[in-house]
Protein chains: 2
Amino acid sequence: MGMGGKKYASSTDVARLAGVSQSAVSRTYRPGASVSEETRRKVMAAAAELDYRPSLIPRIMLTHRSNLVAIVIGGMYNPFYSAVLEGFTVKLQESGHQVLLVHVDSGHSLDAVIPKLASYRVDAIVSALAILSPQSAEELARFKIPVISFNTPVKNEWVSSVCCDNAGSARILADLFLARGGRRFGYISGPPASPANLERFAGFREGLAAHGITDIATATADFRYEGGFRAALEMFARPERPDAVFCANDLVAIGAIDALRQQIGLRVPEDVLIAGFDDIPSASWAGYDLTTFVHDGPRMVDEALSILRAAETAHAPVGEVRVVVPARLVERGTTRR
Amino acid sequence: MGMGGKKYASSTDVARLAGVSQSAVSRTYRPGASVSEETRRKVMAAAAELDYRPSLIPRIMLTHRSNLVAIVIGGMYNPFYSAVLEGFTVKLQESGHQVLLVHVDSGHSLDAVIPKLASYRVDAIVSALAILSPQSAEELARFKIPVISFNTPVKNEWVSSVCCDNAGSARILADLFLARGGRRFGYISGPPASPANLERFAGFREGLAAHGITDIATATADFRYEGGFRAALEMFARPERPDAVFCANDLVAIGAIDALRQQIGLRVPEDVLIAGFDDIPSASWAGYDLTTFVHDGPRMVDEALSILRAAETAHAPVGEVRVVVPARLVERGTTRR
DNA sequence: TTGTAAGCGTTATCAG
DNA sequence: CTGATAACGCTTACAA
């Protein structure tokens, strides 16, 4: 130890030690090569001695493909996003890609990191950001990097999106609330700018409107537990209390449940029906037993990957693809009296 | 569109269009270059027209540094690990690195992915795997890749570890339980092979032994909610019920609480004191209000990064570094009667 | 300040 | 089957 020299042995080093040409070494490591047993043996011996491991970097220059896919996330406080990240990572690895994980402060947009991703020559970008600005989308298109926007609809030749059917799910929930005896309705929203939040609210409203109900109490949270807690306190401090509340996601719903039970002194579901969205692990905990919607995670990931593959093989934009995957209602205790 | 040619413009393309040499282009993009205003202007114009963005790939070949740090995780069901991942990612990005995220099926070890990481010439590896086998550690050493093992002690010239003080914390908890009136004690364990689990149990036992208590009821879970739930049912089905139970982590503790409240019909903390470990977000939810230990996340990440930096500048192993960071007790409702 | 040229570690082509 | 040799896109002496 203690030297500051080269870290890795190169194929040239191996070739020298093995007494063969550099190309012989290269061939030895290519599947389906034409190398004699003799040569292969010498090469492998030398390689073992030098701890040689071929570098993938030059290949990137030659092929213009890095096999790197960037996944951009804005935060992982919501377990749903950790799960999505894990799903993508596993699938991408299976298909021979590597994942470059990029964190962008929530609120900020992709812009700041795009140049860096371009410099690393990523093959594609998966964005799990709540917000993907039109400007970012345009910038992305300039670099001709295929982008999959997860749960945020964007329109662009290079930017596709895979979303869950927020509106459709919310409409179904309206029916469920009515069937379970809900009479006065509430919606605790996520961040007002979030498309997912807006779609869920719109669907809920439509579903109720179909039954002639237009009066919905609202309160604004973010997508977090604390926000749901506070918003519920606010909503139930008003004189007209709802008896069926749809929350923008599970974290918000759980916060609301805790607020109702611990602070307001109401029972769920006896006094108030509650539902959320995402089916995060805590939704099925016995302490909450929350009615919610499960994303079809595997399907969403698969759709995203097939868009990527199409872009990869076409070496051209795949057009404005927008896939909507239905979510499935999971009814649990919070809507059953 | 529709062409299958080169995706990115190269500095040579820009040079041609700008009517200057390729090195002029390269210099224009190097800070502190010596380029005339005239040249710079021409280059920038051409670059803008071609959407040129310099590639970092050749630099990797030249410098033998990729600025890539791999983070290996075995699963993200435990929010604590998502938080750690996020913390590392943010800090690494701040210091000019990029994160290569690698997922290894829990149970499997690093071995399978090491060659790939070596091929991408990662500068270092952060392992958040529960288990890092001695064989893997040896393999890593052969490639001379500095490794930080997070929360799993390993000994090796190239492998350092940053762990939290599991045993010390557990000893403190023993005192707390006694102070709060605990008389019959239990431990719900995590995976028997996990060092963190073993250390926590050992510390708890030592802490109680110091007061002459050697009788501890045990049940085995994994590190998950369901495991804690089942283990608690099992533990409380026996005739001798404990009245103070330490759980291997927060997920297990929350599972145990739900089991006691919903199935056994015992109250927490009135009938049973409970404590966990990690301080995941749900630990502070009003529904649980769980006593637990907070990791000093920022400090642990900083320690890990300073080891990486040392390895990077030294171009040599940093020796067998083992950092132990204390965790802080957060007493909440589950230990207050 | 500029351009020429060598080299980084591979792969691919092409004679031998 | 094998070994030269030319890319790939950049950085860095070195020369002009």
Side-chain angles (χ1 to χ4, degrees), chain A residues 5-44 46-47 50-68 115-116 118-123 143, chain B residues 5-44 46-47 50-68 115-116 118-123 143:
Chain A
K6 300 161 57 168
K7 280 196 56 160
Y8 291 91
S10 72
S11 56
T12 312
D13 300 330
V14 176
R16 189 161 28 233
L17 182 59
V20 298
S21 75
Q22 181 273 327
S23 14
V25 177
S26 178
R27 273 193 290 263
T28 306
Y29 280 87
R30 292 215 56 69
S34 43
V35 240
S36 66
E37 261 324 302
E38 169 70 359
T39 305
R40 153 164 273 117
R41 205 185 39 68
K42 285 193 290 191
V43 168
M44 293 314 261
L50 297 175
D51 292 323
Y52 170 68
R53 188 67 35 174
S55 169
L56 279 176
I57 308 300
R59 193 210 298 268
I60 300 177
M61 290 188 8
L62 265 357
T63 62
H64 302 282
R65 287 198 44 191
S66 61
N67 277 328
L68 249 29
K116 187 151 289 181
S119 290
Y120 271 95
R121 297 298 191 252
V122 299
D123 290 346
F143 286 115
Chain B
K6 300 159 58 167
K7 280 197 55 161
Y8 291 91
S10 70
S11 57
T12 312
D13 300 330
V14 175
R16 190 162 25 230
L17 181 59
V20 299
S21 75
Q22 180 272 327
S23 26
V25 177
S26 177
R27 275 191 289 261
T28 305
Y29 281 87
R30 291 218 59 69
S34 44
V35 244
S36 67
E37 261 324 303
E38 169 70 358
T39 305
R40 154 165 272 118
R41 205 185 40 67
K42 286 194 288 187
V43 168
M44 293 314 259
L50 296 176
D51 292 323
Y52 171 67
R53 189 65 36 174
S55 169
L56 279 176
I57 307 300
R59 194 209 297 269
I60 300 177
M61 291 186 12
L62 266 359
T63 61
H64 299 285
R65 287 198 45 192
S66 61
N67 276 330
L68 249 28
K116 188 151 290 180
S119 291
Y120 271 95
R121 298 299 192 249
V122 299
D123 290 346
F143 286 115

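Only heavy atoms go into these numbers, but all of them, side chains included; no hydrogens, no water, no symmetry mates. Every chain is numbered from 1, with letters handed out A, B, ... down the list of sequences.
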With sequence neighbours left out, write down each residue that passes side-chain contact (heavy atoms from CB on, under 4.5 Å) with [X], or none if nothing qualifies.
X: A:Arg41; answer: A:Glu38
X: A:Leu50; answer: A:Ala9, A:Asp13, A:Val14, A:Leu17
X: A:Thr28; answer: A:Val35, A:Arg40, A:Val43, A:Met44

So, does B:Tyr120 get its side chain near the phosphate of C:dG9, meaning an N or O under 4.0 Å from OP1 or OP2? no

Between A:Tyr8 and C:dC8, is there a side-chain N or O to OP1/OP2 distance below 4.0 Å?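 No, no such contact exists.
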
Between [N] ([atom2]) and [X] ([atom1]): distance, integer Å:
X: A:Leu56; N: D:dC8; atom1: CG; atom2: C1'; value: 15 Å
X: A:Asn67; N: C:dT10; atom1: CG; atom2: P; value: 16 Å
X: A:His64; N: C:dT11; atom1: NE2; atom2: C1'; value: 12 Å
X: A:Ile60; N: D:dA7; atom1: CD1; atom2: C1'; value: 16 Å
X: A:Arg53; N: C:dG9; atom1: CZ; atom2: P; value: 17 Å
X: A:Glu38; N: D:dT2; atom1: CD; atom2: P; value: 9 Å
X: B:Ile57; N: D:dC8; atom1: CD1; atom2: C1'; value: 11 Å
X: A:Arg65; N: D:dG9; atom1: CZ; atom2: P; value: 16 Å

Closest nucleotide among C:dT10, D:dT2, D:dG9 to the A:Pro58 side chain: C:dT10

Listed nucleotide nearest any side-chain atom of B:Met61, set D:dG9, C:dT2, D:dC1: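 Given the options D:dG9, C:dT2, D:dC1, the side chain of B:Met61 is closest to D:dG9.
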
Side chains of A:Gln22 and A:Ser11, donor plus acceptor under 3.5 Å: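 Side-chain D/A pair, A:Gln22 to A:Ser11: present.
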
Can you list the residues that meet the side-chain hydrogen bond (donor to acceptor under 3.5 Å, both in side chains) rule with B:Thr63, with sequence neighbours excluded? none

Which distance, rounded to the nearest 0.5 Å, do you find between the CD1 of B:Ile60 and the OH of B:Tyr120? 10.5 Å

Once you apply a heavy-atom cut-off of 4.0 Å, does B:Val25 come out as touching a base, just sugar-phosphate, or nothing? nothing

Identify whether any heavy atom of B:Arg121 sits under 4.0 Å from a base atom; if not, whether one sits that close to sugar-phosphate; answer base, sugar-phosphate or nothing.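 Sugar-phosphate, no base atom in range.
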
Just grab all the side-chain hydrogen bond (donor to acceptor under 3.5 Å, both in side chains) pairs involving residues 52-61 of chain A, residues at least two apart or on different chains.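 Applying side-chain hydrogen bond (donor to acceptor under 3.5 Å, both in side chains) to every pair that reaches into residues 52-61 of chain A, excluding sequence neighbours, yields nothing.
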
Quick one, give me the B/S/- string for nucleotides 11-16 of chain D, reading 5' to 3', where B means a protein heavy atom under 4.0 Å from the base and S means that only happens at the primed atoms, P, OP1 or OP2. BB----

